[in-house]
Amino acid sequence: MTDLATRDTLAVPTLDVAAVRADFPILARQVHGRPLVYLDNAATSQTPRPVIEVFDDYYGRYNANIHRGLHTLADEATAAFEGTRETVRAFLNAAEPREIVFTRGTTEAINLVANAWGRANLKAGDEVLISRLEHHSNIVPWQLLARELGFTIKVIPVDERGVLDLDAYARLFTERTRLVAVNHVSNAFGTVNPVRELARIAHDRGALILVDGAQAAPHQAVDVRDIDADFYAFSGHKVYGPTGAGVLYGKAELLEAMPPWQGGGEMIATVSFERETTFAAIPHKFEAGTPAIAEVIALGAALDWVSRVGIAAIADWEARLLAHATERVSRIDGLRILGTAPDKAGVLSFVVDGAHSQDIGLLIDQLGVAIRTGHHCAQPLLHHFGVDATCRASFAAYNTLEEVDVFGEALERVIGMVR
Ligand code: C6P
């Protein structure tokens, strides 16, 4: 019989951080004469060699437009592109590959839902619930549409830790609530939202739920069927993939019922001046024009890389990095952490008395440490907490406890300089 401790060890494989780091050429570089300490992973993660190599391989061997060619290169490119659809399906545990739509990223995925589903299903008097924790890309598309169609946006409040108020959430619903738009993990505070519970409540009340998974996909296993998400979006470049490729998952029956968003090649069945133009089946109905072929294939390589390392091992390692960093910065006089939810992923946001976040960001860069400063495209959240900007360190599989120590010491040094 295995004891509990052994079972825990078996359940979460440990991450070999040295082996992980060896996959990332960029981690060998120096910045201002010091080893790079890259802690801006929530903005974009770095890229492992197998992903970089996709571009050489694709452009060197089988660059061709997909779906339309009857030649070998086109067949190979199509197979690799469509192969990624199956990789993404498995990554999200979606039921079918046709539920996976390729987009440029999370922003485009949300705009697709707003413009295709939203235009067809929302009208004056309807209500959409959006959380206070949202990134602008899950706010502004809904505001633009609300301005046109006249529906109302209601805000799900957060408590002082940056945790959604579930009782208030449940009370916001009326018979006119059509959609909940909420992130899985907050980019500004790192709060992990109970999306399964949020979905259950939304569905009980007859509404759909769109989950912005941009900050969740890199840090934890995502199971869209377990969540029962109607729509789920994420970006390739935050999950060790390239920019320019992202994903919208949608339940097949919803995608099928939605009108197309953008028109063009690839998304049609037949085009005619005499009869109604007809559209391709999902997902192609939502993929007008030539997509970012190499980027999508590289996204597949990134998800394969994540699977090889193991998302459970990554989550476990990042939890240790976050705990270590939280403990380290908490010792700094006058530093206040924003976002103290019990369940957090990968993000440490803070402000320092008497020191501008911008100054800290610029000076700490001189010491080789990359963090992000600013509003993190979450102005409604930051303003609610009475600040315009924070400093944000965010973690990935390749960060080390030693890097966290370098960051802590560098932070103390620059705070001493600006105060
Ligand atoms: N957040 C950050 O530094 P795009 O740009 O489409 O790949 O992702 C947009 C987006 C949507 N939702 C969340 C929760 C996000 O964090 C982001 C991107 C970056 O936090 C850039 S502002």
Side-chain angles (χ1 to χ4, degrees), residues 38-47 88 101-115 130-144 156 158 162 164 180-193 195 198 209-220 222 227 229 231-249 291-292 295-296 298-299 302-303 318 338-339 341 344-350 357-358 361 365 370-382 388-396:
Y38 186 78
L39 299 178
D40 194 17
N41 296 288
T44 201
S45 53
Q46 296 302 344
T47 317
V88 175
V101 178
F102 289 117
T103 64
R104 283 191 298 128
T106 307
T107 304
E108 190 174 69
I110 296 170
N111 276 277
L112 193 166
V113 177
N115 284 285
I130 299 181
S131 98
R132 168 79 57 189
L133 289 167
E134 293 318 295
H135 185 278
H136 296 166
S137 63
N138 204 15
I139 300 174
V140 184
W142 302 109
Q143 290 178 327
L144 290 173
I156 310 164
V158 290
L164 291 182
V180 174
V182 68
N183 58 36
H184 195 166
V185 172
S186 150
N187 71 313
F189 282 9
T191 310
V192 180
N193 288 317
V195 284
L198 298 173
I209 185 162
L210 174 148
V211 181
D212 167 356
Q215 298 293 347
H219 303 296
Q220 62 180 81
V222 174
I227 296 167
F231 300 105
Y232 195 98
F234 75 93
S235 298
H237 70 99
K238 294 187 199 288
V239 62
Y240 309 102
T243 54
V247 168
L248 172 69
Y249 157 82
E295 285 78 359
V296 165
L299 167 60
L303 299 183
E318 289 175 351
L338 285 99
K344 277 180 67 167
V347 164
L348 182 64
S349 233
F350 58 88
S357 297
Q358 205 74 13
D365 175 63
I371 61 169
R372 183 166 172 191
T373 59
H375 55 59
H376 316 300
C377 302
Q379 282 185 333
L381 178 65
L382 264 59
D388 288 329
T390 74
C391 297
R392 184 189 69 181
S394 52
F395 306 100

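In each ligand, atom 1 is the first atom listed, and ligand 1 is the first ligand listed.
- The aromatic ring centroids of H136 and H375 lie less than 6.0 Å from each other.
- We find the NE2-CG distance between H376 and L381 to be 9.5 Å, quoted to the nearest 0.5 Å.
- Among the atoms of D212, some N or O lies under 3.5 angstrom from an N or O of ligand 1.
- Within ligand 1, the atoms closer than 4.0 Å to a non-hydrogen atom of S137 are 9 (C), 10 (C), 11 (C), 12 (N), numbered from 1 in the order shown.
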Self-check item: Stepwise side chain to side chain contact (heavy atoms under 4.5 Å, CB included) test for V182 and I130
Solution: CA-CA 6 Å; V182 68; I130 299 181; over 6 Å; no
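- The protein heavy-atom contact nearest to atom 18 (C) of ligand 1 is K238 NZ, 2.8 Å.
- When each atom of ligand 1 is checked for a heavy atom of S235 under 4.0 Å away, the hits are 4 (P), 6 (O), 7 (O), 8 (O).
- Shortest contact from atom 3 (O) of ligand 1 to any protein heavy atom: R372 NH1, 2.4 Å.
- Among protein heavy atoms, the minimum distance from atom 15 (C) of ligand 1 is reached at H135 CD2, 3.3 Å.
- Residue, atom and distance of the protein heavy atom nearest to atom 5 (O) of ligand 1 are T107 OG1, 3.7 Å.
- Remark: N187 CG to N138 CG distance equals 11.0 Å, nearest 0.5 Å.
- By the 4.0 Å heavy-atom criterion, R392 is counted among the residues contacting ligand 1.
- Among the candidates T390, L382, L348, the single residue satisfying the side chain to side chain contact (heavy atoms under 4.5 Å, CB included) test with L338 is T390.
- In this structure, E108 has no heavy atom closer than 4.0 Å to ligand 1.
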Exercise. Could you give me the CA-CA distance, side-chain angles and deciding distance for V88 and F234, then say whether side chain to side chain contact (heavy atoms under 4.5 Å, CB included) is met?
Key: CA-CA 11 Å; V88 175; F234 75 93; 4.3 Å; yes
Exercise. Start with the C-alpha gap between H184 and I227, add the side-chain angles, then the distance that decides, and say whether side chain to side chain contact (heavy atoms under 4.5 Å, CB included) holds.
Key: CA-CA 10 Å; H184 195 166; I227 296 167; 3.9 Å; yes
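- For ligand 1 and C377, the ligand atoms under 4.0 Å from any heavy atom of the residue are 22 (S).
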Self-check item: Pair L198-I209, side chain to side chain contact (heavy atoms under 4.5 Å, CB included): steps then yes or no
Solution: CA-CA 8 Å; L198 298 173; I209 185 162; 3.9 Å; yes
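- Listed by number with element, the atoms of ligand 1 under 4.0 angstrom from any heavy atom of Q215 are 1 (N), 14 (C), 15 (C), 16 (O), 20 (O).
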